[in-house]
There are 2 protein chains.
Amino acid sequence: MNVSSLKKNLRPLSLVDSIYQTVLEAIVSGQLPHGSELNSVSLAKQLEVSRTPLREALRLLERDGLVQQEGNHKARVAEFSADDIREIYEVRLQLEAASAELAAKHISPDVLSALRSETDALNQHMGDVDWCEKAIAFDLRFHEAIAAASGNKRLKDEIHRYRLLVRSFCVMTGRQATLQQALNEHISILDALATGRPSAARKAMADHITSRLKEVLSRMTVTNKVPASK
Amino acid sequence: MNVSSLKKNLRPLSLVDSIYQTVLEAIVSGQLPHGSELNSVSLAKQLEVSRTPLREALRLLERDGLVQQEGNHKARVAEFSADDIREIYEVRLQLEAASAELAAKHISPDVLSALRSETDALNQHMGDVDWCEKAIAFDLRFHEAIAAASGNKRLKDEIHRYRLLVRSFCVMTGRQATLQQALNEHISILDALATGRPSAARKAMADHITSRLKEVLSRMTVTNKVPASK
DNA sequence: CGTTTGTCTACTGTATACAGAATACAAAAC
DNA sequence: GTTTTGTATTCTGTATACAGTAGACAAACG
């Protein structure tokens, strides 16, 4: 009986899924820059797989919005205008605000206190060399935890999907001031969750996302002087 | 069947997309019932295509939540529990409420008056034989129009995706009383949109979706006496 | 009679082969 | 010199072939 469950746990993920993950990681890490062409034969050769599973993986990435198909020729890594980013954040705001609202009703004290102590720990080691990386990693966990605490798996998945998009254009440069502000916004969210106030949690999360959007946009206007027009 | 003419109609789109559309339609129309197995070779034979594009189409449908893959064997048309339906409506509520809120800011008077006159026309022809079909078709247009008026293409796409899910389990039986109530709820939404009150529009839409959920759930407990348990 | 094990079938996942479309480049015509 | 057209190359989209695996049924053993 416990053998079958074991077997299910160690099922190897399909080739398509692993290709999906690999290309996804290459995109969000910047290895495959925005706008770069995705030649299916050379990419397949690089990954040492055939084109069939690669095509399926690319199609999934296309549905995620990370890959764009021009006509029916030549897939490219998606490029995002400022308006695209606004749209993405607008949807993301709705999803994450909802997750906070729901989490305020469902979140367990254990998860809550874990998030809080992690936040506190981060606040106390502000000077560390690897502080920024830690803060970025925690930011990810923070949002995923709240999404999971919403109790709605589909909502969680959608949030995850939008987070991927955001990660692909938001390089998460470790500017300490920015991360610190995000951390403070997290505390407001935690407070609302701890006191079980759904609408306050929604608002705190919405404010947080809006603030992040502004930060990303301001950073974009500085860095993207020439947006790779030929 | 009119397979050859179907095949010709599919020409302009990519094969994968047309297979996607065809299977999608078969699912939401109930031709492929929930839980039915999707054998790739026989389905490919039926559609007169090869398995490769069919596989890609099925994978897309899987991402939409309309098809489920057990392990890595045998795709099935998704089955939805009452909890699944609640989750889906919860996300859908967030998306559609957001679209109404945004639409209150952006919707054009033309679109608004068109929606209102269509609603009025429907209200005045209550007795017609084909009233229910018309009402159902309009309901679809109503929500799509508001989603489009949100000015956020991604939000519109997500709403569309969730609408497909809903259509697949909500057979939209033409109970006039139900449709009439939905129509009244639409009027509340239109009023809020017309007077440019975003939060009122959000609330009216949220109430509408909640009301629809209750209706669907109550209908489900009646019809699904035996939910195809083995 | 029930349980186990072996074989057989059928289906899926992946690779490859092939055909048609798009692009680029060169040659010819104006 | 410029434009247009033809050809060649490359890449994508689709079909098919092949291999591995899950599931079913039957036979053998308890």
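Predicted model, so just to flag it, every value in this text is computed and none were measured. Sequence lines set the chain letters: A, B, ... in the order given, protein chains first and strands last, and positions in each chain run from 1.
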Figure out the [atom1]/[atom2] separation between [X] and [N], and round it to whole Å.
X	N	atom1	atom2	value
B:Asp17	D:dT12	CG	P	17 Å
A:Leu43	D:dT10	CG	C1'	16 Å
A:Leu54	C:dG13	CG	P	17 Å
B:Leu58	C:dT12	CG	P	9 Å
B:Glu37	C:dC11	CD	P	9 Å
A:Leu15	C:dT16	CG	P	12 Å
B:Glu56	D:dT14	CD	P	8 Å
B:Lys45	D:dT14	NZ	P	20 Å

Each nucleotide N or O in nucleotides 17-20 of chain C that has a protein N or O under 3.5 Å away: list the pair and distance.
none

Heavy atoms under 4.0 Å, any strand shown: does A:Leu38 hit a base, just sugar-phosphate, or nothing? sugar-phosphate

Any ion pair linking A:Glu158 and A:Arg161 (charged N to carboxylate O, less than 4.0 Å)? yes

Among C:dA15, C:dC11, D:dA15, which nucleotide sits nearest the side chain of B:Val49? D:dA15

Begin with the C-alpha distance, continue with both residues' side-chain angles, and end with the deciding distance and a verdict on side chain to side chain contact (heavy atoms under 4.5 Å, CB included) for A:Tyr89 and A:Leu217. CA-CA 11 Å; A:Tyr89 266 84; A:Leu217 286 178; over 6 Å; no

For the residue pair A:Asp64 / A:Tyr162, report whether a side-chain donor-acceptor contact shorter than 3.5 Å exists. no

So, A:His143 versus A:His208, ring centres under 6.0 angstrom or not? yes

By nearest nucleotide on DNA chain C, pick out whichever of B:Ser40 and B:Thr52 is the more 5' one. B:Ser40

A:Glu96 side-chain N/O to A:Ile209 backbone N/O, donor-acceptor pair under 3.5 Å: no

Hey, does the side chain of B:Arg76 reach the backbone of B:Gly35 with a donor-acceptor pair shorter than 3.5 angstrom? yes

Which word best sums up how the rings of B:His186 and B:Phe142 line up, parallel for under 30°, tilted for 30 to 60°, or perpendicular for over 60°? parallel

Report yes if a side-chain nitrogen or oxygen of [X] is closer than 4.0 Å to either non-bridging phosphate oxygen (OP1 or OP2) of [N]; otherwise report no.
X	N	result
B:Gln69	C:dC11	no
A:Arg55	D:dT12	no
B:Ser50	D:dT14	no

